[in-house]
> 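This is the structure, below, for whatever I ask next.
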Amino acid sequence: MELNVFILFMAAIFTSNILLTNFLGMCSYLSVSRQIESSLGLGFAVFFVMTCTTALNYVVYYFVLVPLDIVYLQYIIFIIVIAAFVQLIEMVIERLSPVLYYSLGIFLPLITVNCAILGVSLFMVIRNYSFIQSVTFGAGSGIGWLLAILALAGIRQKVNDTFVPAGLRGAGLSLIITGIMALGFIGFSGIAVIQ
Amino acid sequence: MTVGIVAGIGGFFALLLIIAESKLMNYGECTITINDKKKITEKGGSSLLTTLNNNKIFLSSACGGRGSCGFCKCKILKGGGPLLPTELPFLDEREKKDMVRLACQVKVKEDISIEIPEDIFAIQEFAGKVTSIKDMTYDIKELTIELTMPKEIEFKAGQYVQFVAPRYEKSRQSVTRAYSISSNPDHIKFIELIVRKVPDGLCTTYIHDYLKEGDTVNFTGPFGDFLIQDTHKDMIFIAGGSGKAPIKSMLEYLKAHKSKRKMTYLFGARTEKDLYHVELMKKLEDDLEHFEFVPILSKPDEGSKWSGKTGYIMPFLKEFIGKPENTEAYLCGSPGMIDAVIKELHNLKISEEQIFFDPFS
Ligand SMILES: Cc1cc2nc3c(=O)[nH]c(=O)nc-3n(C[C@H](O)[C@H](O)[C@H](O)COP(=O)(O)OP(=O)(O)OC[C@H]3O[C@@H](n4cnc5c(N)ncnc54)[C@H](O)[C@@H]3O)c2cc1C
Ligand code: FES
């Protein structure tokens with residue numbers, strides 16, 4: 001069935017949020033969600049890298065791996081592409097826009113090891129997306145991830161001002177909040193399914 | 001075939017990155033102006049800390065440039081880009097206003113103008129020969145290092161050096177750790193260090209289990225501003241374990257200079273096995289006019305003949321503080337102990353400006 005790109009985009013953001021339904025990219029989500037500004041920085045970086053690497057990996061997969069009949073190497077090749085892209089982008093941003101580098105740049109290395117980025121590229125292959133669909137899915141998932149981390153950071157900043165039992169502070173409470181957020185997002189399911 | 005393809009693709013990206021690096025990361029020559037008088041010119045791209053190190057200017061850096069100790073502070077008057085989130089946790093409001101930055105986080109990409117304390121120029125690299133290693137307790141050793149290159153060191157009581165432990169069996173890389181000098185600064189041909197073994201610690205295992213008398217060691221220094229204040233106030237020293245190192249140096253200096261200040265040294269330990277240099281402290285009591293050494297054991301062994309004070313240090317502080325406004329406190333040891341003692345000192349009305357400390361973090 002040909003999937004409408006608009007539906008795919010919305011589904012990637014809400015009903016199939018990469019973080020809240022697939023629980024991918026959790027480590028940086030938990031560790032960088034203390035402040036809204038830093039989570040916004042990381043979120044944008046994830047959105048950007050996810051969109052670009054999905055497009056790049058699409059090209060590498062269908063124009064190199066498939067013709068050479070080595071699709072079983074997709075994991076390692078995708079990781080190489082992501083790592084190289086992140087490094088390259090870091091250098092370009094550092095050179096061209098110091099301001100952007102200082103707000104985004106320090107988060108870029110964190111992204112190389114963000115499994116949500118690899119996950120999106122792998123889903124694109126498993127689900128047989130076209131190029132346009134892949135890029136839309138990558139961008140939607142990036143926005144979804146950004147939305148999730150921003151929501152968590154906002155809640156954590158509020159929670160900081162309230163009393164929390166000592167044993168629950170930090171990661172414990174963040175995981176509980178994430179669980180409740182995931183439940184909330186289940187409310188969107190049924191609107192669109194992209195599996 | 002598989003290996004070839006992976007290597008090929010990997011190689012292609014590596015080449016791309018190398019080309020990008022040589023084109024994009026080339027900042028050309030950058031000039032660092034230090035205290036408005038000294039200028040150094042170096043290829044840009046590295047951190048300020050590394051660039052200064054390459055030019056034999058050694059800012060203190062207990063974490064080796066990972067941005068986790070907050071020691072490598074310096075004022076950056078011009079250049080250096082905006083403040084980074086990695087620096088924020090280490091800077092208070094006043095420092096932010098004074099343009100203080102962490103040198104290991106700032107990259108040299110343009111001409112920079114910085115301000116550092118003058119005595120940093122005295123910081124040098126040293127090589128020395130270990131002339132003695134003595135057991136003080138079951139987990140503390142005292143090292144004597146005779147300087148060979150250069151042959152003399154100038155330091156102040158309370159300062160520390162950055163000791164370099166080379167690669168060895170249990171550590172795949174060379175590590176650098178801070179150790180306070182425990183000898184009298186009047187002796188400039190050797191230094192003494194007191195080192196407590198941290199279980200599985202990379203540097204202390206090297207010093208305790210691998211280092212031998214006659215070996216050559218390297219260190220940089222002297223660093224630190226945990227120093228005797230030039231006043232006439234009473235002094236109370238509080239340090240247990242290897243925290244005794246800088247205190248011993250201070251006491252020996254004060255003795256040599258015939259200080260008449262009132263001094264008390266409270267040494268906290270668990271059992272009698274943790275006490276050391278007791279004889280030396282007794283001798284200092286004889287030599288210094290107003291000095292008292294007070295060991296306090298928190299858990300003396302059952303059946304021991306210990307007749308001194310027992311318990312934690314905190315409740316005893318009051319007893320030794322005459323006039324709070326006329327008392328300076330010098331603390332050294334683990335951050336936990338320091339925090340607890342500072343809290344109690346505040347309760348006893350000793351103000352922030354009269355408390356000096358070096359946390360072994
Ligand atoms: C200014 C300054 C002065 C210092 N002066 C002295 C001194 O005179 N004598 C002295 O013995 N030490 C001193 N230290 C501490 C010293 O620099 C090292 O941190 C310590 O010796 C451990 O080094 P390591 O390489 O053996 O352990 P590492 O390999 O760094 O650490 C191994 C593990 O032990 C933990 N750890 C580190 N330090 C301690 C500790 N103190 N107690 C318990 N666990 C620890 C670490 O978190 C880590 O998990 C000083 C530190 C500072 C900052
Ligand atoms: S060297 Fe430790 S923070 Fe810079």
Side-chain angles (χ1 to χ4, degrees), chain A residues 28 31-42 45 53 56-57 59-61 63-110 112 153, chain B residues 1-28 30 43-50 65-68 76 78-91 96 99 101-112:
Chain A
S28 34
S31 60
V32 187
S33 54
R34 275 191 211 115
Q35 283 162 345
I36 292 197
E37 295 98 63
S38 44
S39 44
L40 200 62
L42 180 63
T53 55
L56 266 177
N57 279 335
V59 174
V60 170
Y61 185 83
F63 294 93
V64 181
L65 303 190
V66 173
L68 290 176
D69 199 19
I70 47 165
V71 286
Y72 58 90
L73 284 181
Q74 57 179 303
Y75 288 86
I76 188 159
I77 300 295
F78 284 177
I79 292 172
I80 293 177
V81 170
I82 294 168
F85 179 76
V86 169
Q87 287 254 334
L88 200 70
I89 282 301
E90 202 182 337
M91 286 185 218
V92 172
I93 297 182
E94 187 173 355
R95 187 77 226 195
L96 296 186
S97 168
V99 178
L100 186 62
Y101 176 73
Y102 285 115
S103 59
L104 201 92
I106 52 156
F107 298 118
L108 285 169
L110 274 179
T112 316
Chain B
M1 153 91 168
T2 313
V3 177
I5 292 172
V6 175
I9 295 178
F12 168 74
F13 282 113
L15 194 69
L16 198 70
L17 288 176
I18 291 170
I19 296 172
E21 189 166 4
S22 69
K23 294 273 173 256
L24 292 170
M25 297 286 103
N26 185 356
Y27 292 100
C30 301
K43 205 168 150 266
S46 315
S47 77
L48 177 60
L49 183 73
T50 313
R66 283 175 300 182
S68 63
I76 300 193
K78 198 186 108 232
L83 199 61
L84 298 179
T86 39
E87 299 172 77
L88 287 177
F90 298 99
L91 304 174
K96 278 184 219 161
M99 296 185 279
R101 305 281 305 266
L102 293 189
C104 69
Q105 301 298 301
V106 175
K107 260 195 179 179
V108 181
K109 295 192 217 162
E110 55 192 334
D111 289 351
I112 290 186

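Every chain is numbered from 1, with letters handed out A, B, ... down the list of sequences.
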> Which atom names give the shortest non-hydrogen contact between A:Leu88 and B:Ala20, and what distance separates them?
CD1-CB, 3.5 Å
> Around atom NZ of B:Lys43, are there more than 12 heavy atoms of other residues, nucleotides or ligands at under 6.0 Å?
no
> Measure distances from B:Phe12 to the heavy atoms of chain A and classify the residue's part below 4.5 Å as side chain, backbone, both or neither.
neither
> Quick one: pull up CD1 in B:Ile5 and CD1 in A:Ile76 and give me the separation to the nearest 0.5 Å.
12.0 Å
> Which bit of A:Val60 comes within less than 4.5 Å of chain B, counting heavy atoms only: side chain, backbone, both or neither?
neither
> Counting only heavy atoms closer than 4.5 Å, note whether A:Phe85 contacts chain B via side chain, backbone, both or neither.
neither
> Please report the shortest heavy-atom distance between B:Leu24 and A:Met91, naming the atom on each side.
CD1-CB, 3.8 Å
> Decide if atom OH of A:Tyr72 counts as having more than 12 heavy atoms of other residues, nucleotides or ligands within a radius under 6.0 Å.
yes
> Any chance you could measure B:Leu16, atom CG, to A:Gln87, atom CD, to the nearest 0.5 Å?
11.0 Å
